[in-house]
Structures are given as C-alpha cells and as structure tokens.
Amino acid sequence: MVTTVTNIVSSIWEPIFDVLYLPEIQGRRCWGSPLSWLVTYALDFETRLFSPFSRTRIPLPSLSTIAEEEDCSPGELFEYSLRKLILCTSPEESDCIVLANTSDGWFFAKPSDEAWTLTGLSDHNDLDDAIYFEGNFYGRLHTGEIVFWEATHPKVVGFAPPPPDLRYFYPGIIINYLFDLGGNLCIACRHVDTYYVTVGFVIFKLDMDTKSWEKIYSLGDRSLFLGNCSTFAIAAADYPGCKPNCIYFSDDSPLLGPTTRLDVGIYDCQNLKLEKQREIVIFVSE
C-alpha cells in the first residue's frame, strides 16, 4: 500500500492535478503548509517535517511527553487528541517553529528542541486558533479575543478585543481563522447555515497599535487557503490556476479516511459568489 497525495492546482473540480507517490508518509497523519513542507505524525509518537519534492525529512521532538500528560494511548493521540500541527516558519530558517494543537492545550517546538513547550494559558480549551506572526504567537479564544505570547516566554496575555458584530450575519455560526495578509494580522469569519455548511465569509484586519478591527472587502492579489490544516494567504500570480481575491476552503473535520460530501469550495470576495463542489471523494491512501 502506497500513500498518494493529490495536489489540486486549479479549480476544485477541474482535472488539473499532480499525483505524488510517497511511501515515506505511509501510515502517518499529515498537515500541509504554504512552505512546500508537510508536518507528519505516526503511532510511535514520532513527528517530523517532510518535503514531498526533495524527500528530505527533519525530526521534531517526540510527542510521547504530551501523551503522558494527557494520559492517552498512541491510537487515541493519533485519532482524537492531536488536532493539528502547524508549520509556522520554513525549516531552512534558524527560527523554524511548529505548533501542536492538542486536547490538552497548545505546544510549540523547534527541530533542535528535546521536548514540546506548553503555552501558559490557564484554560487551554479556550484557545481555538493560533499563528506565529512577526516573531510572536497570537491566538484566538472562544470569545473572539486575541491573546499574545512570546516564544521565549510562553505566558499568554490579552492583546485585542474580538472583532465587532460577529453574530450579525444570519443565520449561522461564525468560525474564525487567523492569517497573515501581506504583513497584516487578519481574521476570516466563516458564515455557515443551520446544517454547518459554508455560505460566505467576512474578513477583519487588526490595527496592531490601536488594537481595533477594520472590516475589509478584498484580498487584493492574494488567495486565501482555509480549513482543518493551517490557514495561509499566497500571491495568486505565483501559482498558475489560482484565482486572486478568492478564498479556497475545505471541511473543518480531520480527514482520516475515504469520505464523501465535504464542505469544499471557492468564495469570490469581489462578487460574493460561492462556487461549491456538491460531492467530492478524497482518498488519503490506496
């Protein structure tokens, strides 16, 4: 059995894709990044960075210590406790950092570290999302409030209030994602209907000095990729087939096997149009 990764480079339903056969990640959970690297995790608690193009592997600290703190088995950590791993900076840089989101909190580590460091938040379950931005960590609580902590001093402190009027958008729930848009810290709010299906988005930009939010209506020449993996914006011109000023979104649920009817689509921020694939089947191995 060989693990197959399909890389869609155009519309979600147009047959333009690459298929890479990667036995190196067989049996491992994988999270993508905009840096041409995957973060992978296996049942033996071993975590590593992997380049699907050069096949380079860089080890990270074992997650066994986190499993001991959470008192869970390798299978439980693999399927339930470990929510996602986020590659914050390139492995080619000296300050390469990876964030681990688990049911017991948020941890971070560098390839040279011996163990993962827990962020100093009194109630870890309150932290829904996090990002490494301008040399520091920023997170979003359930309330929408933005918190801040330094990599060298992981004590979390309040930074900014939640964006205004998040519950104005009828009829659904708003799910928020932090991302870097050309050096600006932004938050994307997903608008869903009563069936938890995406129907639109609204975006706010944070003024780092005044701690105030501004609603923005365009991503400019950028494309935003949003979902259970890390959320990131790229210059559309650097990726043929990518549409500028659009949000490419996927289902929030972890994908651990073949599935159908995912909440997947493209949202055009200019004309507020939503393109959706009604039914899509994704196989993570074959």
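Taking 4.5 Å as the limit, some side-chain heavy atom of Tyr41 sits within range of a side-chain heavy atom of Trp31. Side-chain contact check for Phe225 versus Thr231: every heavy-atom pair is 4.5 Å or farther apart. In this structure, the side chains of Cys242 and Tyr248 come closer than 4.5 Å at one or more pairs of heavy atoms. Within the 4.5 Å cutoff, the side chain of Leu35 has no heavy atoms near those of the Phe232 side chain. Looking only at side-chain heavy atoms (C-beta outward), Cys96 and Pro111 come within less than 4.5 Å of each other. Counting heavy atoms from C-beta on, the side chains of Leu60 and Leu49 come closer than 4.5 Å. A heavy-atom distance below 4.5 Å is found between the side chains of Asn136 and Phe148. With a 4.5 Å cut-off on side-chain heavy atoms, Asn184 and Ile216 do not count as touching.
Relative to the six-membered ring of Phe159, Lys211 meets both conditions, a distance below 6.0 Å and an angle of at most 45° to the axis.
Annotation: ring-ring contact (aromatic ring centres under 6.0 Å, His included) contacts of Phe50 (sequence neighbours excluded): none. By the side-chain contact (heavy atoms from CB on, under 4.5 Å) test, Pro244 pairs with Ala236, sequence neighbours left out.
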How far apart are the C-alpha atoms of Val98 and Val39, what are their side-chain angles, what is the distance that settles it, and do they pass the side-chain contact (heavy atoms from CB on, under 4.5 Å) test? CA-CA 8 Å; Val98 177; Val39 190; 4.2 Å; yes
Carefully, step by step, assess Ile58 and Trp37 under the rule side-chain contact (heavy atoms from CB on, under 4.5 Å). CA-CA 10 Å; Ile58 300 176; Trp37 288 78; 3.7 Å; yes
Do Ser218 and Gln270 pass the side-chain contact (heavy atoms from CB on, under 4.5 Å) test, and can you show the C-alpha distance, the side-chain angles, and the key distance before you say yes or no? CA-CA 7 Å; Ser218 174; Gln270 181 174 352; over 6 Å; no
Evaluation steps, side-chain contact (heavy atoms from CB on, under 4.5 Å), between Ser62 and Thr47: CA-CA 6 Å; Ser62 171; Thr47 312; over 6 Å; no
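Annotation for Leu181 and Cys186: closest pair CB-SG, 3.8 Å, computed over non-hydrogen atoms. Residues Asn101 and Asp128 approach most closely at ND2-O, 4.4 Å, considering heavy atoms. Closest of all the heavy-atom pairs between Gly158 and Glu145 is CA-OE2, 3.7 Å. Across all their heavy atoms, Thr89 and Glu93 have their closest contact at CB-OE1, 4.0 Å. Taking each heavy atom of Val156 and Val147 in turn, the nearest pair found is CG1-CB, 3.4 Å. In this structure, Gly182 and Asp180 approach most closely via the heavy-atom pair N-OD1, 3.6 Å.
Atoms OG1 and CD1, from Thr117 and Ile97 in turn, are 9.5 Å apart once rounded to the nearest 0.5 Å. Rounding to the nearest 0.5 Å places CG of Leu224 at 6.0 Å from CG of Leu219. Taken to the nearest 0.5 Å, the NZ atom of Lys243 stands 7.5 Å off from the CG atom of Asp268. Of the inter-residue distances, the one linking Asp129 atom CG with Leu141 atom CG reads 11.0 Å to the nearest 0.5 angstrom. To the nearest 0.5 Å, atoms SG (Cys246) and CD (Glu275) are separated by 7.0 Å. Arg222 contributes atom CZ, which lies 11.0 Å from atom CZ of Phe179 (distance to the nearest 0.5 angstrom).
A donor-acceptor contact shorter than 3.5 Å is absent between the side chain of Thr198 and the backbone of Gly200. No donor-acceptor pair closer than 3.5 Å links the side chain of Trp213 to the backbone N or O of Ala160.
Relative ring orientation between Trp149 and Phe137 is described as parallel, the plane-to-plane angle staying below 30° on a 0-90° scale split at 30° and 60°.
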If you look only at distance, which donor and acceptor atoms sit under 3.5 Å apart when one is on a side chain in residues 201-209 and the other is two or more places apart or in another chain?
residue, atom, partner, partner atom, Å
Asp207, OD1, Asp209, N, 2.9
Asp207, OD1, Thr210, N, 3.0
Asp207, OD1, Thr210, OG1, 3.4

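Between Glu24 and Arg55 there is a salt bridge, since a side-chain N of the basic residue sits under 4.0 Å from a carboxylate O of the acidic one. Of the charged side-chain nitrogens involved, at least one lies within less than 4.0 Å of a carboxylate oxygen, so that Asp263 and Arg190 count as a salt-bridged pair.
The environment of CD in Glu150 is crowded: more than 12 heavy-atom neighbours from other residues, nucleotides or ligands sit within 6.0 Å.
Taking hydrophobic clusters as Ile, Leu, Val, Met, Phe, Trp and Tyr residues chained together by side-chain heavy-atom distances below 4.5 Å, Tyr217 does not share a cluster with Leu185.
Thr40 and Arg48 share no donor-acceptor pair across their side chains, judged by distance under 3.5 Å alone.
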